[in-house]
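Below is one structure, written out as C-alpha cells; comments come after it.
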Amino acid sequence: MDFVRVIKNSNDLEKFIDIPEKLKNRKVEVIILPYTDKEDVEQVEKKSLRGALSKYKNEVLRAQESDAWSKAVVDQYENR
C-alpha cells in the first residue's frame, strides 16, 4: 500500500484542514493513506479456493483415509 508521511508546520495546513488550538504553531506529522469506500470493498469478487489442490489428489490414498485413524490406533496400542 502506498502512503505519504511528512512532518510539517501546522500553520501550513490551516488552509486545508481545521487545526485544533493545541496543535497550532507546532510541527505535526501528516500521514496520507488511500481511502477505500465500503461499497468498493463489497464489489470485489470473492475468490474460492475450492479445487485449488485437486491436481495433488491421489484416489488410491483416498480409499485408505476412511480407516486410517483406526489402523493407527491399532498399530500404536496393539501390543499393550
Side-chain angles (χ1 to χ4, degrees):
M1 174 174 37
D2 293 335
F3 67 95
V4 177
R5 180 177 176 237
V6 182
I7 307 297
K8 288 294 232 181
N9 188 326
S10 63
N11 298 339
D12 296 340
L13 302 172
E14 284 185 314
K15 303 172 201 169
F16 308 107
I17 57 175
D18 296 328
I19 306 292
E21 285 297 321
K22 292 182 178 181
L23 295 178
K24 287 187 179 182
N25 302 317
R26 296 180 66 186
K27 286 188 177 184
V28 293
E29 179 179 14
V30 179
I31 301 173
I32 300 174
L33 299 171
Y35 176 75
T36 50
D37 196 4
K38 288 183 181 180
E39 293 175 2
D40 294 340
V41 173
E42 291 173 1
Q43 291 177 358
V44 174
E45 292 183 28
K46 294 181 182 178
K47 295 182 180 181
S48 173
L49 289 176
R50 177 176 239 163
L53 301 176
S54 63
K55 63 183 176 186
Y56 299 109
K57 71 180 176 183
N58 185 335
E59 293 298 330
V60 175
L61 294 177
R62 268 192 90 155
Q64 297 173 4
E65 282 180 2
S66 62
D67 50 327
W69 184 83
S70 58
K71 286 181 180 180
V73 170
V74 169
D75 290 345
Q76 186 172 359
Y77 297 105
E78 183 177 32
N79 294 327
R80 290 186 180 200

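All values derive from a computational prediction rather than experimental measurement.
- Hydrophobic clustering, defined by side-chain heavy atoms of Ile, Leu, Val, Met, Phe, Trp and Tyr closer than 4.5 Å, groups Leu33 together with Phe3, Ile31.
- Atom CG of Asn11 sits about 11.0 Å away from atom CG of Leu23, to the nearest 0.5 Å.
- Using a distance-only test at 3.5 Å, with no hydrogens or angles considered, a donor-acceptor pair links the side chain of Ser10 to the main chain of Asn25.
- Other cluster members for Trp69: Val73, Tyr77, joined by side-chain heavy-atom distances under 4.5 Å among Ile, Leu, Val, Met, Phe, Trp and Tyr.
- Open room surrounds NZ on Lys8; 12 or fewer heavy atoms of other groups in view lie less than 6.0 Å from it.
- Put simply, NZ on Lys27 and CG on Asp12 are 11.0 Å apart, with the number rounded to the nearest 0.5 Å.
- Between the CD atom of Gln64 and the CG atom of Asn58 there is a distance of 8.5 Å, given to the nearest 0.5 Å.
- For the pair Ser48 and Arg50, the tightest heavy-atom approach, listed with the atom from each and the gap, is OG-N, 3.0 Å.
- Leu61 and Leu53 end up in different hydrophobic clusters when Ile, Leu, Val, Met, Phe, Trp and Tyr side chains are linked at under 4.5 Å.
- The hydrophobic cluster containing Ile32 does not contain Ile7, counting ILVMFWY residues as joined when their side-chain heavy atoms lie under 4.5 angstrom apart, directly or transitively.
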